[in-house]
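Protein chains get the first letters and strands the later ones, always in sequence-line order, with residue 1 at the start of each.
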Amino acid sequence: MSDVRLRFAPSPTGYLHVGGARTALFNWLLSRREKGTFILRIEDTDVARSTQESVDAILQGMEWLGLDWDEGPFYQSERFPVYKEFVEKLVAEGKAYRCYCTPEELEAKRELAMKEGRKPKYDGTCRNGVEEPGDKPYVIRFKAPHEGVTVFDDLIKGRIAFNNDELDDLIIQRSDGTPTYNFVVVIDDATMGITTVIRGDDHINNTPRQILLYEALGYPVPRFAHVPMILGADKTRLSKRHGATSVMAYRDMGFLPEAMVNYLVRLGWSHGDQEIFSREELIEKFSIEAVGKSAGVFNPDKLLWLNHHYIKESAPERLAELLVPFMKERGIDPESGPNLPLVVKTLQERSRTLVEMADGAIFYYQGDFAYDEQAAAKHLVPDAAPLLKALADKLEALADCSQTGIEALFKEFIAEKGIKLGQVGPAVRVSLCGGTASPGIYEVIEALGKEEALRRLRRAVAIIG
RNA sequence: GGUCCCAUCGUCUAGCGGUUAGGACACCGGCCUUUCACGUCGGUAACAGGGGUUCAAGUCCCCUUGGGAUCACCA
């Protein structure tokens, strides 16, 4: 156990999206690699926008990805007294002050400044004290230094410097007494002993103010790592327009969590030419310094490829279990037909998602399926009937119904008839599966079982007439 | 507009002064084959532009251009 402490701090205003998931993953990986502590904190100071459903959705997403945390979840909404104390401390020390400017006044000043081409920052009206205006509402502002430079060495971006005169006195407590984000994030990270802050690079501009706050509070400044954002195919911020952004939506589309993890980590991070990483390998090899600086485009094709890879690698029993809900969704009870793991085995190489696998598995469980029209017209022809019938009879007598036994039977059959496999194979396929695209016919017969295979062959013979 | 960040194939990226600029996804061919796939072999495809520094620049510096983020009593 080292004393490295990291956190993921989502705000519960929606589901866990892929960008947040990647940030969480980076934090988690680094904490596991350094044998440190991973903390989950819910940033719900905006009581109006935060919901319990969102919290649940985020937790569910973390769980699906296998990102467990050591401390928390902590809720900022439960820590208001703590923040209040720190605000009062700053005020008492003269490092923060009451500001009586109204939102309307500020908005007007901002617009004027913008119009005149000046920086739209707070003009410091109340900075040096004002006469007590009775019980007028006020906010508390942090008294930021106007001179000097605030610098930090970002673990990903390198050295970043800001002139302090670019910064204005940010509000740390609203007129209703609640604290604001830039303040609570500092208080929490400081009091929770966070050593490294990994977050989206949209927070870069907040960082100097936060550093100033750490210094005013007398806390050590953590290290920062700002990860670039994830873009859609058109290089704009990833949104619903580009497809699903919720990680749970990917589960529902039939993706495996290990594929998602592998994809997300490789989007922005790399380790030489390696593409496939097990969870253990990631923990061993991940490093925040190796994360790229530039934004990356979310590429569904590559995710699909990875998912296909993991489907091929997975144990049929596990996939069968994951496949059940997808089968039920299609109105099929896997208990009612062939052994599901056996079915899965025939489909692994040709399924990129569990959705594709479920679609491909349907025919196994439907005895009275309709034949694909074109396929039937082409292959279920009068000439095929006697062959199918003879094959069925031969199959009926077969003792070894393993794939190899079935293959041997076919070899023998075509030798006896003096034909090629191509002259009977397609008809068998259509009889068994209903179409021309399917797993190999030997494995289909094995999975179906002799009885059902015979039934389907004879059904086809009967239909040909 | 101010500030800040970013820039190698279509996409994800390797590269950390000297390479025929490598890999992966996608795409296009060949092979394999009972279909569809898998697999396998091969191919198309990139250093944004301009200045420097250096014997030597994709690699270091500056500028331009182009993207993006952020400027709330949201987080």
Side-chain angles (χ1 to χ4, degrees), chain A residues 9-13 43-46 48-50 76 99 101-103 106-107 110 113-121 137-141 154 156-158 160-163 165-168 170-182 184-185 199-208 226 228-229 231 233 235-237 263 266-276 292-306 308 312 347-352 360 375 379 407 410 414 420-430 433 435-442:
Chain A
S11 83
T13 52
E43 310 232 314
D44 58 351
T45 54
D46 185 349
R49 294 205 304 158
S50 301
Q76 291 184 323
C99 170
C101 299
T102 66
L106 293 171
E107 186 54 38
R110 239 194 313 276
M114 284 282 232
K115 205 158 68 185
E116 293 175 356
R118 289 181 291 112
K119 295 168 194 167
K121 51 182 255 189
Y138 61 86
V139 299
I140 307 283
R141 283 183 187 273
D154 193 276
I156 292 172
K157 307 274 189 179
I160 299 176
F162 290 83
N163 283 319
D165 62 13
E166 296 293 339
L167 280 21
D168 58 359
L170 80 159
I171 293 172
I172 59 177
Q173 187 180 95
R174 303 183 185 99
S175 52
D176 67 359
T178 59
T180 58
Y181 167 76
N182 276 110
V184 297
V185 73
R199 70 207 329 185
D201 69 2
D202 50 330
H203 286 285
I204 286 181
N205 290 316
N206 287 328
T207 307
H226 287 100
M229 60 180 228
L231 274 23
K235 302 238 183 191
T236 62
R237 184 185 218 111
Y263 178 72
R266 271 292 284 105
L267 179 53
W269 174 81
S270 62
H271 185 78
D273 285 338
Q274 191 172 345
E275 294 288 348
I276 307 290
K293 300 174 178 202
S294 51
V297 173
F298 188 88
N299 183 296
D301 277 335
K302 190 153 184 182
L303 209 209
L304 235 20
W305 172 75
L306 275 165
H308 188 22
K312 284 186 287 184
L347 263 9
Q348 280 173 279
E349 288 193 335
R350 58 207 93 222
S351 308
R352 294 181 301 175
H379 301 295
E407 183 172 357
F410 269 77
I414 61 174
K420 299 207 172 199
L421 186 54
Q423 291 172 260
V424 67
V428 172
R429 180 183 313 286
V430 177
C433 313
T436 52
S438 81
I441 52 183
Y442 310 144

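Nucleotides B:A57 and B:U20, compared at atom P, are 15 Å apart to the nearest Å. A gap of 23 Å separates the P atoms of B:G17 and B:G52, to the nearest Å. Rounded to a whole angstrom, the distance from the C1' atom of B:A46 to that of B:C41 is 24 Å. Going from the P atom of B:G39 to that of B:C25 covers 9 Å, rounded to whole Å. Rounded to the nearest Å, the gap between the P atom of B:A7 and that of B:A48 is 10 Å. B:U3 and B:A45: their C1' atoms are spaced 38 Å apart (whole Å). Comparing B:U11 with B:U53, their P atoms sit 33 Å apart, to the nearest whole Å. For the C1' atoms, the distance linking B:C28 with B:U35 amounts to 22 Å, nearest Å.
Under the 3.5 Å distance criterion, the side-chain polar atoms of A:Thr180 are matched with a main-chain donor or acceptor of A:Ile171. Under the 3.5 Å distance criterion, the side-chain polar atoms of A:His308 are matched with a main-chain donor or acceptor of A:Glu349. Using a distance-only test at 3.5 Å, with no hydrogens or angles considered, a donor-acceptor pair links the side chain of A:Asp176 to the main chain of A:Thr178. The main-chain N or O of A:Gly158 is never found under 3.5 Å from a side-chain atom of A:Lys293 such that the two would form a donor-acceptor pair. Checking side-chain atoms of A:Tyr263 against main-chain N and O of A:Asn299 turns up a donor-acceptor pair under 3.5 Å.
A donor and an acceptor atom never sit less than 3.5 Å apart when one is taken from the side chain of A:Ser438 and the other from the base of B:C36. Judged by distance alone, with hydrogens and angles left aside, A:Glu275 brings a side-chain donor or acceptor within reach of the base of B:G23, the pair sitting under 3.5 Å. Applying the 3.5 Å distance criterion, the base of B:A75 shares a donor-acceptor pair with the side chain of A:Asn206. The base of B:C36 sits within donor-acceptor range of the side chain of A:Arg350, with an N or O pair under 3.5 Å.
For A:Ser294, whose side chain is taken as the heavy atoms from C-beta onward, the closest listed nucleotide among B:C6, B:U34, B:A26 is B:C6. Comparing B:C38, B:G2, B:U34 by their closest approach to the side chain of A:His308 singles out B:C38. Counting only heavy atoms from C-beta on, A:Arg266 has its side chain closest to B:G23 among B:G23, B:U34, B:A24. The side chain of A:Leu267 lies closest to B:C12, out of B:C12, B:C73, B:C38.
Between A:Thr436 and B:C36 there is no side-chain N or O to OP1 or OP2 distance below 4.0 Å. Checking the phosphate oxygens (OP1, OP2) of B:C6, a side-chain nitrogen or oxygen of A:Lys293 falls inside 4.0 Å. At the phosphate of B:A75, OP1 or OP2 sits under 4.0 Å from a side-chain N or O atom of A:Thr45.
Considering all non-hydrogen atoms of both residues, A:Pro179 and A:Thr45 come closest at O-CB, 4.2 Å.
Residue contacts for A:Ala9: at a heavy-atom cut-off of 4.0 Å it reaches no nucleic acid atom on any strand shown. Residue A:Pro137 is classed as having no contact, given no heavy-atom separation below 4.0 Å to the nucleic acid. Residue A:Phe410 is classed as having no contact, given no heavy-atom separation below 4.0 Å to the nucleic acid.
Between A:Pro228 and A:Ser294, every side-chain heavy-atom pair lies at or beyond the 4.5 Å cut-off. Residues A:Ser11 and A:Asp46 fail the side-chain proximity criterion, which asks for heavy atoms closer than 4.5 Å. A heavy-atom distance below 4.5 Å is not found between the side chains of A:Asp202 and A:Met229. Contact annotation: the side chain of A:Leu303 approaches that of A:Phe298 to within less than 4.5 Å [non-hydrogen atoms, C-beta and beyond].
In this structure, A:Tyr181 and A:His203 have tilted ring planes: the angle between them lies in the 30° to 60° band.
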Dump the pairs, protein N or O against N or O of nucleotides 18-22 of chain B, anything under 3.5 Å, distances to one decimal.
residue : atom : partner  : partner atom : Å
B:G22   : N2   : A:Asp273 : OD1          : 2.8

Protein-nucleotides 61-69 of chain B N/O pairs closer than 3.5 Å?
residue : atom : partner  : partner atom : Å
B:A69   : N3   : A:Asn205 : ND2          : 3.4

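Taking NE2 of A:His226 as the start and CD1 of A:Ile160 as the end, the distance is 7.0 Å to the nearest 0.5 Å.
Base pairing of B:U40: its partner is B:G30, meeting the Watson-Crick or G-U wobble criterion (both donor-acceptor distances under 3.5 Å). Partner assigned to B:A24 is B:U11, using Watson-Crick or G-U wobble distances below 3.5 angstrom. Of the nucleotides present, B:G2 is the one that pairs with B:U70 by Watson-Crick or G-U wobble criteria, both distances under 3.5 Å. B:U35 is unpaired under the Watson-Crick or G-U wobble criterion, no partner having all donor-acceptor distances under 3.5 Å. The partner of B:G18, taking Watson-Crick or G-U wobble pairs whose two distances both stay under 3.5 Å, is B:C55.
Residue whose closest nucleotide on RNA chain B sits further toward the 5' end, between A:Ser270 and A:Tyr138: A:Ser270. Along RNA chain B, the nucleotide nearest to A:Lys312 and the one nearest to A:Ile156 differ in position, and the one closer to the 5' end is contacted by A:Ile156.
Qualifying side-chain hydrogen bond (donor to acceptor under 3.5 Å, both in side chains) partners for A:Arg429, counting only residues two or more places apart in sequence or in other chains: A:Ser438.
Residue A:Leu167 contributes atom CG, which lies 11 Å from atom P of B:C4 at whole-angstrom precision. Look at CD1 on A:Ile160: it is 15 Å from P on B:U70, rounded to the nearest Å. A:Arg429 has its CZ atom 10 Å from the P atom of B:U34, to the nearest Å. In this entry the distance linking NE2 of A:His271 with C1' of B:G23 reads 14 Å, nearest Å. Atom CG of A:Asp168 is separated from atom P of B:A72 by 7 Å (rounded to the nearest Å). Here the P atom of nucleotide B:C12 and the CD atom of A:Gln274 are 20 Å apart, to the nearest Å. Residue A:Lys420 contributes atom NZ, which lies 12 Å from atom C1' of B:U34 at whole-angstrom precision. Going from atom CD of A:Gln76 over to atom C1' of B:A75 covers 9 Å, rounded to whole Å.
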